[in-house]
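Reading through the structure tokens given below for one structure.
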Number of protein chains: 2
Amino acid sequence: MASQTEENYLKSLFNLANEKSEVNISELATQMQVSMPTVNSMVKTLQKNEWLIYEKYKPVTLTPKGKKEAALIIRKHRLTEMFLVNKMGFGWEEVHEIAEQVEHIHAPKFFERMDEMLGYPTIDPHGSPIPDKQGRIQEINYLSLSDCKAGQTVILAALTNSSTEFLEFLNGRNLSLGTELKITSKEGYDQSIVVSYLDHSSETLSEKVCEKLLVKVLE
Amino acid sequence: MASQTEENYLKSLFNLANEKSEVNISELATQMQVSMPTVNSMVKTLQKNEWLIYEKYKPVTLTPKGKKEAALIIRKHRLTEMFLVNKMGFGWEEVHEIAEQVEHIHAPKFFERMDEMLGYPTIDPHGSPIPDKQGRIQEINYLSLSDCKAGQTVILAALTNSSTEFLEFLNGRNLSLGTELKITSKEGYDQSIVVSYLDHSSETLSEKVCEKLLVKVLE
DNA sequence: CAATTTTGTTAGATAGATCTAACAATGTAG
DNA sequence: CTACATTGTTAGATCTATCTAACAAAATTG
Ligand SMILES: [Mn+2]
Ligand SMILES: [Mn+2]
Ligand SMILES: [Mn+2]
Ligand SMILES: [Mn+2]
């Protein structure tokens with residue numbers, strides 16, 4: 001059974017491997033906030049457990065077994081976040097830190113019961129997909145708001161970043177998942193976008209914000 | 001901050017210290033399922049953190065600081081058990097193992113929210129008192145069923161043992177907290193007690209069982 | 001009270017997770 | 001292509017939590 005530490009490495013590996021599939025030691029060290037030698041020794045451990053493939057001086061790759069293990073931890077994380085928001089009344093900006101701990105609990109029934117109480121959700125409070133019990137993850141191809149054009153109407157569907165600060169920024173502007181945004185204009189100079197929604201008739205969002213907002217285009 | 005291991009030692013110390021106040025190294029080793037040298041080195045660590053008082057060859061004693069720390073972990077454990085039973089539909093025989101893990105989560109809001117949702121309960125699903133936020137524990141003096149006499153009517157209020165096996169034994173006989181028991185007779189030879197309750201007109205309970213059942217006497 | 005048993009301590013080892021310092025391989029930019 | 005920067009590895013140390021073997025103190029018992 002994976003230790004709490006190993007589980008956190010697997011999760012980081014899984015997230016960093018989106019698309020590229022390969023992960024550098026230095027990337028992983030940055031992500032995990034540990035030194036490169038620490039990562040070096042940990043990848044050797046993970047390799048012994050057949051969770052990843054490692055060759056000296058090469059980037060590492062998760063094995064199918066490692067991917068499944070990681071996805072199942074991410075499943076527990078996201079179910080927990082959903083439970084905290086929908087069943088315990090937490091704000092979406094408060095749940096990540098708690099889920100970071102709860103995800104390591106070994107009690108299948110606990111998470112099955114959450115799942116059941118939530119009605120088998122497929123996305124978490126930040127719009128990220130919840131892997132199924134087999135560790136399969138359904139990839140949804142949203143568009144980034146920064147790739148949208150003036151005149152389009154879109155629905156805010158997910159975020160590429162769920163830091164507390166960013167979520168509080170969105171809270172401050174009444175922006176939540178499902179909000180319908182009309183794109184009034186786009187500034188060519190700094191790529192900022194002006195949107196209207198709810199009782200906000202004109203809100204300017206910087207490119208930095210727009211690229212973190214994933215949307216479904218309505219028209 | 002106490003490690004998960006230290007937290008488990010503190011909890012064991014607190015539970016073993018009921019009444020006697022002092023705890024032997026060997027008792028603690030048995031309880032924690034580790035060797036005596038392991039306990040010996042751990043008590044030195046706990047002493048450095050001022051959670052207990054230790055002198056060579058003497059039994060150890062928790063300091064007030066250590067008692068409070070322990071009581072607050074027990075609070076998290078018992079709130080969790082109550083939440084699992086009352087809000088998530090678990091049976092009282094399923095929750096201890098899960099709570100044993102959840103009690104180590106560092107997230108005051110998480111437990112405050114549980115407390116609030118539960119309506120600030122004072123006892124857990126096994127009838128044990130839930131320490132308050134200051135770590136104060138309200139001692140309730142129940143009588144053991146084994147000390148009751150024929151003719152008395154009592155209400156099952158708590159258990160001195162909450163092992164899954166014992167709880168399943170009680171489930172099998174429809175015995176739950178709050179059940180009113182009429183003591184039909186008591187066998188002088190083996191101290192077994194015959195009770196009637198609900199649709200059970202004559203159930204014989206061995207001394208071993210009776211001493212684990214804590215009751216309030218009605219008449 | 002002396003012998004034996006139980007309880008507790010010390011020493012030394014191991015495994016996991018981390019670090020720094022030193023060095024080696026790889027990649028990049030002039 | 002060489003120099004420099006970046007990336008990765010090795011060696012060796014530390015800290016936590018655990019173990020066994022050996023020994024010492026305390027308690028029990030005849
Ligand atoms: Mn999260
Ligand atoms: Mn985590
Ligand atoms: Mn319990
Ligand atoms: Mn525990």
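Just so it is clear: chains get the letters A, B, ... in the order the sequence lines come, proteins before strands, and each one is counted from 1. Because the structure is predicted, anything quoted here is derived from the model rather than measured. Computed over heavy atoms, backbone and side chain alike; hydrogens, waters and symmetry mates excluded.
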Please state how far atom NZ in Lys58(A) lies from atom P in dT6(D), giving the value in whole angstrom units. 23 Å

Rounded off to whole Å, could you give me the CE-to-P distance for the Met32(B) and dT16(D) pair? 17 Å

Within the 4.0 Å heavy-atom criterion, would you say Thr5(B) contacts the bases, only the backbone, or no part of the nucleic acid? sugar-phosphate

Closest of dT18(C), dC19(C), dT7(D) to the Met42(A) side chain is dT18(C)

Tyr9(A) vs dG16(C): side-chain N/O to OP1/OP2 distance below 4.0 Å: no

dT10(C) OP1/OP2 closer than 4.0 Å to side-chain N/O of Lys56(B): yes

Please determine whether a side-chain nitrogen of the Lys or Arg among Lys76(A) and Glu81(A) lies less than 4.0 Å from a carboxylate oxygen of the Asp or Glu. no

OP1, OP2 of dT10(C) versus side-chain N and O of Lys44(B): anything below 4.0 Å? yes

Counting only side-chain N and O atoms of Thr38(A), is one of them less than 4.0 Å from OP1 or OP2 of dA17(C)? no

Are more than 12 heavy atoms from other residues, nucleotides or ligands located less than 6.0 Å from atom CD of Gln138(A)? yes

Whole-Å gap separating C1' (dA25(C)) and CD1 (Ile25(A)): 14 Å

Lys/Arg-Asp/Glu bridge criterion (N-O < 4.0 Å) met for Lys133(A), Asp115(A): no

Of the candidate nucleotides dT18(D), dC19(C), dA11(C), which contains the atom at the shortest distance from the side chain of Val34(B)? dT18(D)

When rounded to whole Å, the CG to C1' distance for the pair Leu10(B) and dA17(D) reads 15 Å

Once you apply a heavy-atom cut-off of 4.0 Å, does Ser41(B) come out as touching a base, just sugar-phosphate, or nothing? base

SB check Lys11(B) Glu100(B) (cutoff 4.0 Å): yes

Using a cut-off of less than 4.0 Å, is there contact between a side-chain N or O of Ser3(A) and OP1 or OP2 of dA17(C)? yes

Roughly how many Å is it from CE in Met36(A) to C1' in dA24(C), rounded to a whole number? 12 Å

Between dT20(D), dT18(D), dG8(C), which one does the side chain of Ser35(B) approach most closely? dT20(D)

In whole angstrom, give the distance that lies between atom CG of Asn40(A) and atom P of dA25(C). 14 Å

Less than 4.0 angstrom from a charged side-chain N to a carboxylate O is my criterion; do Glu116(A) and Arg113(A) meet it? yes

To the nearest angstrom, the CG-C1' distance between Leu28(B) and dT18(D) comes to 14 Å

Can you measure Tyr54(A) atom OH to dT9(D) atom C1' for me and round it to whole angstrom units? 7 Å

